[in-house]
2 protein chains.
Amino acid sequence: MASQGTERVSSQQLSERLDLSAAQIRKDLAQLGELGIRGVGYDIAGLVERLTKVLRLDQGYRMVVVGMGNLGRALSAYFGFNHGAFVVVAGVDPDPEKFGLDVGGFTVRPLEDLAQIVRDEGVDLGVLAVPASAAQESYDRLVAAGVRGVLNFAPAQVQAVPQAPLKSVDLRIYLEELVFSLPEDAEPDSSSISTE
Amino acid sequence: MASQGTERVSSQQLSERLDLSAAQIRKDLAQLGELGIRGVGYDIAGLVERLTKVLRLDQGYRMVVVGMGNLGRALSAYFGFNHGAFVVVAGVDPDPEKFGLDVGGFTVRPLEDLAQIVRDEGVDLGVLAVPASAAQESYDRLVAAGVRGVLNFAPAQVQAVPQAPLKSVDLRIYLEELVFSLPEDAEPDSSSISTE
DNA sequence: AAGACTTTGTGAAGGATGTCACAAGGTACC
DNA sequence: GGTACCTTGTGACATCCTTCACAAAGTCTT
Ligand SMILES: NC(=O)c1ccc[n+]([C@@H]2O[C@H](COP(=O)([O-])OP(=O)(O)OC[C@H]3O[C@@H](n4cnc5c(N)ncnc54)[C@H](O)[C@@H]3O)[C@@H](O)[C@H]2O)c1
Ligand SMILES: NC(=O)c1ccc[n+]([C@@H]2O[C@H](COP(=O)([O-])OP(=O)(O)OC[C@H]3O[C@@H](n4cnc5c(N)ncnc54)[C@H](O)[C@@H]3O)[C@@H](O)[C@H]2O)c1
């Protein structure tokens, strides 16, 4: 809305876009102070500014990707585009064949350089795109190197320390949610069942 | 647990693994009938079987990936490994340079073949890995081709029809949640802010 | 300036969800 | 068989979250 130049928005309009009740929108926004103007609505630029600050997105976060396989490269190219507050500044991998590979504005470097990269580049966050078996070890490595948080894409249970919060993304969950939301009637064929 | 050969589990043990209260586990599982045995706990094989059925994961789902860029190829290789009930059977792209490219057990085919592929291969689900600007169009195409549900990775608001539920995954949210969970004290540098 | 109209902020009510605590049912050992 | 010990299933309670409904505060028109 802001990028389209709209100036004001009502809780009613927001509720339609976000699929929530208008009362919910107002209750939530009121938590941040009196942001709206009665009879008028909310100032979009003001909302964006306030929310950006509350969500701590008013500062830059520098990231390093660990594991430059299929997913690591895709993420680097994606986040590398500088989505808002986030920039990927480096990617590391233990596989020498990947060293020097160009992705999203930087080249892949050896895993051993991690600590140095974090220090020199002022890295804040780590992204794990390594095999599940290497997830815990990689997390520990990132923490030792000094990152302040880690986003994990490996389907593994990783033990985290409070100094470096961990957030895990398991894409399989989305597939499961999708099939659960499917209309009941005719279910698909069962030719490809496999019990892992 | 099942793959490790463990036979039984108590609500207490589950609560520790899942970070929920034991009472919560019991209340939830009791919804599916009396699955447990008092004084003993739950039979793991039985639980897996019951949950698999309830979540409709007891049947195979065949998928097609639309958009064979960085993410599409990564996802194909990932899901192509046949995670439980899911198999990627095809990938399509409008870019002729990508035709014939080999990923995760199949080759990339032209976008125009989509309808035919869905019909011939008995595809149930579609995966959107296209630019945001092409998301709606691609969703419509998938629905017209006959898929029963769509998983979308493009950061776009797509209008869905009830016959083909849509589930969207926005990875940026995870980054935002991660920085919000960071310890308050010293926030990182602000040298790389950009307002998109 | 007054009246008609909007839209926010918010107590109060209602609904949903989570926790407690214990009887019911089961095992294990003598 | 009897006793000690577990662990589930579940009402009763507590807590949290959402919706309702309206006063307060603003705009717009005349
Ligand atoms: N590909 C996807 O779409 C996708 C989606 C969700 C999750 N995942 C998960 O993400 C992870 C990576 O997936 P991928 O498809 O990119 O696999 P991949 O095999 O293509 O890449 C893994 C990379 O990690 C590197 N690596 C191996 N051991 C390492 C270690 N100890 N430290 C650092 N790097 C190491 C490898 O050299 C390789 O480059 C896996 O755990 C996978 O389950 C992948
Ligand atoms: N790369 C990531 O890690 C990542 C993560 C999350 C979300 N996404 C989103 O996923 C989408 C794809 O990302 P990407 O990095 O793979 O981009 P990409 O540019 O590498 O790939 C996009 C692909 O879509 C194809 N395409 C273009 N128009 C199309 C159309 N009308 N129909 C079908 N295919 C079409 C292109 O030929 C290209 O192969 C984007 O919307 C991106 O924002 C990417």
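Here is how names work: the chains are called A, B, and so on, in the same order as the sequence lines, proteins then strands, and each is numbered from 1. The figures that follow rest on heavy atoms only: side chains count, while hydrogens, waters and symmetry mates do not.
Between A:Lys27 and A:Ile37, the residue anchored closer to the 5' end of DNA chain D is A:Lys27, taking for each the nucleotide with the nearest heavy atom. Where B:Gly39 and A:Arg26 meet DNA chain C, the nucleotide closest to each residue was compared, and A:Arg26 sits on the side nearer the 5' end.
For the atom pair CG of A:Leu142 and CZ of A:Arg148, the computed distance is 14.0 Å after rounding to the nearest 0.5 Å.
B:Arg62 places no side-chain N or O within 3.5 Å of a backbone atom of B:Asp124 that could act as its donor or acceptor partner.
Remark: B:Ser11 is not in phosphate contact with D:dT7, judged by side-chain N or O atoms under 4.0 Å from OP1 or OP2.
Judged as a side-chain hydrogen bond (donor to acceptor under 3.5 Å, both in side chains), the pairs with a partner in residues 162-171 of chain A (not counting sequence neighbours) are, in order, A:Asn152-A:Ser168, A:Lys167-B:Glu177, A:Asp170-A:Arg172.
Residues passing the side-chain hydrogen bond (donor to acceptor under 3.5 Å, both in side chains) test with B:Gln4, sequence neighbours excluded: none. Here B:Glu112 pairs with nothing under the side-chain hydrogen bond (donor to acceptor under 3.5 Å, both in side chains) rule; sequence neighbours left out.
Less than 4.0 Å separates DNA chain D from at least one heavy atom of each of the following residues of residues 40-51 of chain A: A:Val40.
The distance from atom CD of A:Gln24 to atom P of D:dC20 is 12 Å, rounded to the nearest whole Å. Between A:Gln12 atom CD and D:dT19 atom P the separation is 13 Å, expressed in whole Å. One can place CD of B:Glu16 at 11 Å from P of D:dT7, the figure rounded to the nearest angstrom. In this structure, A:Asp28 places its CG atom 10 Å from C1' of D:dT18, rounding to the nearest Å. Separating the CD1 atom of A:Ile25 from the P atom of D:dC20 is a distance of 15 Å, rounded to the nearest angstrom.
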Can you list, pair by pair, the side-chain donor-acceptor contacts under 3.5 Å of residues 28-49 of chain A, counting residues two or more places apart and other chains?
{"from": "A:Asp28", "atom 1": "OD1", "to": "A:Gln24", "atom 2": "NE2", "distance (Å)": "3.0"}
{"from": "A:Asp43", "atom 1": "OD2", "to": "A:Gly46", "atom 2": "N", "distance (Å)": "2.8"}

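Nucleic acid contact for A:Leu35: sugar-phosphate only, since backbone atoms but no base atoms lie under 4.0 Å from a heavy atom of the residue. Contacts of B:Glu34 with the nucleic acid, taken as non-hydrogen atoms under 4.0 Å apart, involve only primed sugar atoms and P, OP1 or OP2.
For A:Ala23, taking side-chain heavy atoms from C-beta onward, the closest of the listed nucleotides D:dC20, D:dG9, D:dT7 is D:dC20.
Running 5' to 3' along DNA chain C, contacts with non-hydrogen atoms of chain A at under 4.0 Å begin and end at C:dT6 to C:dA12.
Linking ILVMFWY side-chain heavy atoms closer than 4.5 Å, directly or via other members, places A:Leu111 and A:Val158 in a single hydrophobic cluster. Taking hydrophobic clusters as Ile, Leu, Val, Met, Phe, Trp and Tyr residues chained together by side-chain heavy-atom distances below 4.5 Å, A:Ile173 does not share a cluster with A:Leu71.
Among B:Asp102, B:Asp93, B:Val65, B:Val92, the one residue that satisfies the side-chain contact (heavy atoms from CB on, under 4.5 Å) test with B:Val108 is B:Asp93.
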